[in-house]
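Below is one structure; the comments refer to it alone.
Each chain gets a letter, A, B and so on, in the order the sequences are listed, and its residues count up from 1.
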Protein chains: 2
Amino acid sequence: MNRRNTVQRQLVAETILNLDHPNAEQVYEEIVKNHPHVSKATVYRNLNLLAEQQEIGKIETSEGAARFDFRTQPHYHLRCRKCGRLFDAEIPVFEHLEENLRNTGGFTVEKHIVEFIGICSDCKNKN
Amino acid sequence: MNRRNTVQRQLVAETILNLDHPNAEQVYEEIVKNHPHVSKATVYRNLNLLAEQQEIGKIETSEGAARFDFRTQPHYHLRCRKCGRLFDAEIPVFEHLEENLRNTGGFTVEKHIVEFIGICSDCKNKN
DNA sequence: TATTAATTGATAATGAATATCAATAAGAGC
DNA sequence: GCTCTTATTGATATTCATTATCAATTAATA
């Protein structure tokens with residue numbers, strides 16, 4: 001029941017700080033550079049555990065693998081539909097948006113996601 | 001290059017009209033009831049083709065399988081995190097939202113998604 | 001009716017993520 | 001420090017949604 005402080009969990013938590021919206025694969029690749037023994041399953045497990053306990057953010061975009069984020073406050077993202085990279089959207093969160101919908105037909109809204117989709121500058125210059 | 005009017009494509013287009021935000025599996029199940037010969041791959045192919053040609057909507061939510069929709073105008077959805085069902089959100093689309101972000105750091109925004117996540121009334125009454 | 005290329009059906013393959021389970025090791029109590 | 005309990009790990013199998021493959025079929029055109 002008690003959470004244990006394992007080397008692997010520590011590594012996942014630290015690695016998130018050094019990567020920009022990585023997916024689980026990218027976190028794994030970064031970790032195995034210096035710690036080849038760590039299993040991919042362990043990376044997935046710890047990413048999810050840390051996200052559940054609100055120590056990191058988990059961003060499930062509308063396409064592709066989930067991304068993780070050292071930012072835990074609500075904010076929105078831009079997603080490049082070519083490379084899949086995420087960028088923080090520099091607009092304020094709609095604090096009152098959900099109020100318009102609370103208990104719509106018995107549906108209880110708990111949170112909302114806003115995702116902007118387009119092309120990042122890198123991909124624009126590549127074609 | 002020319003699009004052909006196959007029985008299978010017709011079936012997919014018609015079936016979408018009778019289902020509420022179905023995923024590909026549900027469209028397939030509905031079709032095979034009366035047409036057991038139709039392949040699941042064909043259903044996937046036609047759903048994607050019709051979506052590309054804007055005849056139906058494709059909704060890639062932040063979790064689980066993609067949903068399809070006979071509505072093609074932009075609108076938002078509520079998603080139940082228990083059963084995964086989608087509901088139309090009865091709020092107007094933010095027409096000018098993307099303007100705040102156009103060319104943010106070279107990123108060109110093409111569209112945006114708003115998704116409300118919560119619990120539907122059916123799932124609320126079940127536990 | 002013959003031609004040709006879009007489409008299909010059946011199935012293999014992919015990618016992301018979770019499940020399984022025996023082996024390991026963190027942390028508590030002694 | 002040593003032992004015990006059980007959270008955690010590593011390795012791998014499995015699941016799920018979807019796409020790829022490819023020979024066979026068939027819609028549409030001439």
query: Under 4.0 Å between a side-chain N or O of Ser39(A) and OP1 or OP2 of dT9(D)?
result: no

- prompt: Within this structure, what is the CZ-to-C1' distance between Arg45(B) and dT21(D), rounded to whole angstrom?
  reply: 10 Å

task: Measure the spacing between NZ of Lys124(B) and NZ of Lys82(B) and express it to the nearest 0.5 Å.
output: 12.5 Å

field: Rounded distance in Å - CZ (Arg9(B)) to C1' (dG9(C))
entry: 15 Å

message: Rounded to whole Å, please give me the gap between CD in Gln10(B) and C1' in dT8(C).
response: 16 Å

- request: Heavy atoms only: give me the nearest Arg79(A)-Ser62(A) pair and the separation to one decimal.
  value: NH2-OG, 3.0 Å

query: Under 4.0 Å: is that the gap between some side-chain N or O of Asn46(B) and OP1 or OP2 of dT7(C)?
result: no

- request: Measure the spacing between CG of Leu11(B) and CG of Asn46(B) and express it to the nearest 0.5 Å.
  value: 9.5 Å

- prompt: For DNA chain D, whose closest nucleotide is more 5', that of Thr6(B) or that of Asn48(B)?
  reply: Asn48(B)

task: Round to a whole Å and report the spacing from OH of Tyr44(B) to C1' of dA13(C).
output: 14 Å

query: How many Å lie between CD on Gln8(A) and P on dA7(D), as a whole number?
result: 17 Å

message: Measure OH/Tyr28(B) against C1'/dG9(C) and give the value in whole Å, please.
response: 10 Å

task: Please confirm whether Tyr44(A) and Tyr28(A) have ring centers closer than 6.0 angstrom.
output: no

- prompt: Taking OP1 and OP2 of dT8(C), is either one under 4.0 Å from a side-chain nitrogen or oxygen of His37(B)?
  reply: no

query: Whole-Å distance between dA17(C) P and Leu47(A) CG?
result: 10 Å

Closest nucleotide among dA11(D), dT8(C), dA17(C) to the Ala41(A) side chain: dA11(D)

- prompt: Roughly how many Å is it from CZ in Arg4(A) to P in dT24(C), rounded to a whole number?
  reply: 15 Å

